[in-house]
Number of protein chains: 2
Amino acid sequence: MEVKNNPTMEIVILETAERLFLEKGFGMTSTTEIAKEIGCNQALIHYYFRTKENLFNIIFEKKFRQFFQNIFVVENLDQMTFQDKLKHIIETHFDMVRENPRIPLLIVNEFSRNPEMVATLKEKLQGVVAMLFENLKTDLQVEIEAGRVRPITLIDLIFNIISINISLFLLLPVAGEIMSLDEKQKEIVINRRRDEHVKLILNGIRS
Amino acid sequence: MEVKNNPTMEIVILETAERLFLEKGFGMTSTTEIAKEIGCNQALIHYYFRTKENLFNIIFEKKFRQFFQNIFVVENLDQMTFQDKLKHIIETHFDMVRENPRIPLLIVNEFSRNPEMVATLKEKLQGVVAMLFENLKTDLQVEIEAGRVRPITLIDLIFNIISINISLFLLLPVAGEIMSLDEKQKEIVINRRRDEHVKLILNGIRS
DNA sequence: CATTTAATTAATAGGTCTATTAAATATGGA
DNA sequence: TCCATATTTAATAGACCTATTAATTAAATG
């Protein structure tokens, strides 16, 4: 049994498809275009991945996990104050979204195309989400009871962080165009917003 | 000159196309499907609107304006405090997004498909945006100088409001699925978030 | 009523898309 | 070297899509 298992072309297809799916979405990306981009025969896409749907699902699942699995970094935070923990969480989440600015749009769009895909993936994440919750829940409770933080559910707090970080990178292309920002100016805005998000969330939960 | 000008079919096409474009986006909606949905011949779409692109552009421009033209209600706010003005702005914007929850996604997606469309529309909005700015800018300045609000640019404040409101309705379909929310529970979440957004923004700019 | 114009349909050209199949080429092991 | 297997390509079926054209039906007008 000689296993050739040359992964290069398979990987090239995955990488190219990932880029195009992220740029243009499922519906506006064709296997023909993926092949043309690579410079290979279009049938090769189907040789390795059988269907476009299957290729997309592999990529989508990977991106979905990538986005939710380590959505928050909650390690080495033990000796910090709650404020500093939260600041650290907001900033690392911000940086993660900054590195993957198109994943949220991919997920939102795919959900309206095929809700079952997300339903399928959610089960695999529930453990992670639950763990994340437990980790911060007691901290928040202590702060609220001490009167340092206004009453707020952990889920609302987390939703605030995710919302504000994600929407920056969702809206920036459009907002940048409306405000006539070039790439350099966008970079400045992003850095200013990073600080602003920390201030907004931290101030926003004060009692 | 006998002008028939029977607008019913034209309107039916516009309404059906609008619904489908909002649901599935430009790329995954075909003129064939629009016609099938209506129950008319597919050529009729092209008779009235010539091209799919043209039909989409008409709808997109309308939705774009609808979303940005009256993005904030800033009338009859004269005798209010800054806090109450802001509360009112956040809530009316929230309600507007709630009524048009799919427009942001349409705009974001269309921008990555065809950035020039947004570039074309921005000029027509700049007057509106500028007026909006002037109206709140001095108010904010007064609050900051009085020490009641931390230093923040008006643009960041507005971006905070738009971001938090839009992202709720962008993310709710996915988040609802992950958290297994039915429609009734979603409604409860939406109402709770409406209050939370006001608290977040108002607290978030305290000095 | 006859005629002109508008609205609608049937038919189709021409293109692209996904997926399959068979043939050609490359690769590794005996 | 020769063979078996893996990879790649060429060709194509079959579906669907956009847009156009010509023909048909409906509506309005004199």
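Below, read A as the first sequence line, B as the second, and so on, with proteins coming before strands; counting in each chain starts at 1.
- Nucleotide D/dC16 holds its C1' atom 12 Å from the NZ atom of B/Lys52, rounded to whole Å.
- At a cut-off of 3.5 Å, with distance as the only test, a side-chain donor of B/Thr153 or B/Asp156 sits close to an acceptor on the other residue.
- By the 6.0 Å and 45° rule, A/Lys52 stacks over the aromatic ring of A/Phe26.
- Remark: P of C/dT9 and CD1 of B/Ile45 are 10 Å apart, rounded to the nearest angstrom.
- One atom, CD1 of B/Ile13, and another, C1' of C/dT9, lie 13 Å apart when rounded to the nearest Å.
- Following rounding to the nearest Å, B/Met28 (CE) and D/dC17 (P) show an atom-to-atom distance of 10 Å.
- D/dC17 atom C1' lies 11 Å from atom CZ of B/Phe26, rounded to whole Å.
- The two residues A/Lys122 and B/Glu177 make their nearest non-hydrogen contact at CD-O, 3.2 Å.
- Atoms CG (A/Leu55) and C1' (C/dC17) sit 15 Å apart, rounded to a whole Å.
- For A/Lys87, the NZ atom sits in a loose shell: 12 or fewer heavy atoms of surrounding residues, nucleotides or ligands are nearer than 6.0 Å.
- In this structure, CG of A/Asn41 is placed 15 Å from P of D/dT7, rounded to the nearest angstrom.
- Contacts of A/Ser30 with the nucleic acid, taken as non-hydrogen atoms under 4.0 Å apart, involve only primed sugar atoms and P, OP1 or OP2.
- Between A/Leu44 atom CG and D/dT8 atom P there is a gap of 5 Å when expressed in whole angstrom units.
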